[in-house]
There are 2 protein chains.
Amino acid sequence: MEMSRDLPKAPAASIPDVFDPTCSSRHALELIASKWAMLIISALEEGPMRNAALMRRLGDVSQKMLTQTLKELERNGLVIREDRKTVPPHVVYSLSPVGRSLSETLLVLDRWAETHFGALDAARERYDAERGK
Amino acid sequence: MEMSRDLPKAPAASIPDVFDPTCSSRHALELIASKWAMLIISALEEGPMRNAALMRRLGDVSQKMLTQTLKELERNGLVIREDRKTVPPHVVYSLSPVGRSLSETLLVLDRWAETHFGALDAARERYDAERGK
DNA sequence: TTCCATAGTTACCAAAAGGTGCGTAATTGC
DNA sequence: GCAATTACGCACCTTTTGGTAACTATGGAA
């Protein structure tokens, strides 16, 4: 426990702040600021799922993006990947506790989208009508 | 109020569902699933701001992306742009009521990121250590 | 006269996101 | 022997995102 006498540059164990570009909470935000990450987390909130089930639930995700996004979420500890190492493959994805804490907020966001998308559509139409086509 | 006798194709005024690729609530989600949109909305929650103030608050956004993102948010009715048409220019951005309803949820997300980014960092380090670096 | 300030725009470029299609492994059922 | 199954990996391509730098307008200050 170093008691350094002067901390000329250190931001004093700086308070976490998403507005601080050097704070890695930014990275956390950018991780979920992705088209598929949000939906995958929300989907897994309904329970553990296999690859094919997730594809069906998300509707139009490509195999590549699903795998890729799941890998990133697993890497960051939000999703748990259980590979039963059988042939044919049997892999089950589920939320970690941290992932579950996030899914609650994301479901609120989903509900916001489902509630207000009409207002957005209307605003967009109005904007495009008067301003540029 | 047309009482059509049969609706063979119409999804019965389908319940809004972010998992439905044809539901424009998807578009609403994707709008905010952007690095800067989330932060801009959160920043404007602190009050109306001018271009320069937003740049300072966000720390590392480029002028181009700030303008571009603000324009999209304005187009979708989340942000209000007030141009006083003076020289030098004086433009004030603020949240619309719909934008404000969103910002509440986004602030929860910000706080989630600020709370859990440490866990994500640790998980990432572990993952990279054992699996491919 | 020349410079500054503000909030842009535009052209140009690099990087990342995202899609399609093909190959793969080992076991089960035909 | 042969096909189907499942969850990928890889190569190739297009689109979107994002960054830098240069240019714009105009009234007031130096």
Side-chain angles (χ1 to χ4, degrees), chain A residues 21-22 26-41 43-44 48-76 79-94 124 127 131-133, chain B residues 21-22 26-41 43-44 48-76 79-94 124 127 131-133:
Chain A
T22 72
R26 265 289 180 88
H27 175 272
L29 258 197
E30 288 172 27
L31 180 68
I32 53 183
S34 126
K35 183 176 174 181
W36 299 118
M38 288 213 233
L39 288 172
I40 288 175
I41 303 258
L44 286 179
M49 280 190 210
R50 299 179 59 179
N51 179 71
L54 274 168
M55 294 215 68
R56 251 177 284 119
R57 190 75 184 100
L58 302 192
D60 61 345
V61 69
S62 68
Q63 176 65 64
K64 181 191 162 186
M65 286 314 297
L66 180 56
T67 305
Q68 189 176 300
T69 309
L70 280 168
K71 199 183 287 179
E72 262 306 290
L73 294 177
E74 188 203 359
R75 188 163 93 102
N76 286 269
V79 159
I80 294 166
R81 186 189 123 110
E82 182 205 348
D83 186 347
R84 302 206 178 150
K85 295 189 191 308
T86 63
V87 170
H90 189 118
V91 178
V92 181
Y93 295 97
S94 56
R124 217 176 324 120
Y127 185 99
R131 319 223 172 183
K133 65 130 176 58
Chain B
T22 70
R26 266 289 180 88
H27 176 273
L29 259 197
E30 288 172 28
L31 180 66
I32 54 183
S34 126
K35 184 175 175 180
W36 298 118
M38 288 214 236
L39 288 172
I40 289 175
I41 303 258
L44 286 179
M49 280 189 209
R50 299 178 59 178
N51 178 71
L54 274 168
M55 295 212 70
R56 251 177 283 117
R57 191 73 182 101
L58 302 191
D60 62 344
V61 69
S62 68
Q63 175 66 61
K64 180 191 161 188
M65 286 312 298
L66 180 56
T67 305
Q68 190 176 300
T69 310
L70 280 168
K71 201 183 284 180
E72 263 306 290
L73 293 176
E74 187 202 1
R75 186 163 94 102
N76 285 271
V79 159
I80 294 165
R81 186 188 122 110
E82 182 204 348
D83 187 346
R84 301 206 177 147
K85 294 189 191 311
T86 62
V87 170
H90 188 118
V91 178
V92 181
Y93 294 98
S94 56
R124 219 177 322 121
Y127 186 99
R131 320 221 172 184
K133 68 144 171 28

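Please read all numbers here as calculations on a predicted model, not as lab measurements. Below, chain A is the first sequence line, B the second, and so on; all start at residue 1.
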- Message: Looking at D/dC8, I'd like to know if its phosphate oxygens (OP1 or OP2) sit under 4.0 Å from a side-chain N or O belonging to A/K71.
- Response: no

- Starting at atom NE2 of A/H90, determine the distance to atom P of D/dC8, rounded to an integer number of angstrom. 11 Å

- Does the distance from a Lys or Arg side-chain N to an Asp or Glu carboxylate O, for A/K71 and A/E74, drop under 4.0 Å? no

- Query: A/R84 near the nucleic acid: base, sugar-phosphate alone, or nothing, with a heavy-atom cut-off under 4.0 Å?
  - Reply: nothing

- Of the nucleotides D/dC8, C/dG19, D/dG19, which has the atom closest to the B/K35 side chain? D/dG19

- Query: Can you tell me how far P of D/dA7 sits from CG of A/L66, to the nearest Å?
  - Reply: 10 Å

- Nearest listed nucleotide, side chain of A/T67, among D/dA7, D/dG9, D/dT6: D/dG9

- Can you tell me the distance, in whole Å, between the CD atom of B/E30 and the C1' atom of D/dT16? 12 Å

- Separation of B/L54 atom CG from C/dA7 atom C1', in whole Å? 12 Å

- Note on the structure: Taken to the nearest whole Å, NZ/B/K64 to P/D/dT16 is 14 Å

- Which nucleotide in the set C/dG18, C/dA7, D/dT20 lies at the smallest distance from any side-chain heavy atom of A/M65? C/dG18

- Task: Name the closest nucleotide to the B/P89 side chain, picking from C/dA7, D/dG27, C/dG19.
- Result: C/dA7

- Query: Under 4.0 Å between a side-chain N or O of B/R50 and OP1 or OP2 of C/dT6?
  - Reply: no

- Atom of B/M55, atom of B/L66 and distance for their closest heavy-atom approach: CG-CD2, 3.3 Å

- Whichever of B/Q63 and A/Q68 has its nearest DNA chain C nucleotide further upstream toward 5': B/Q63

- Query: Roughly, in whole Å, what's the span from CH2 in B/W36 to P in D/dG18?
  - Reply: 8 Å

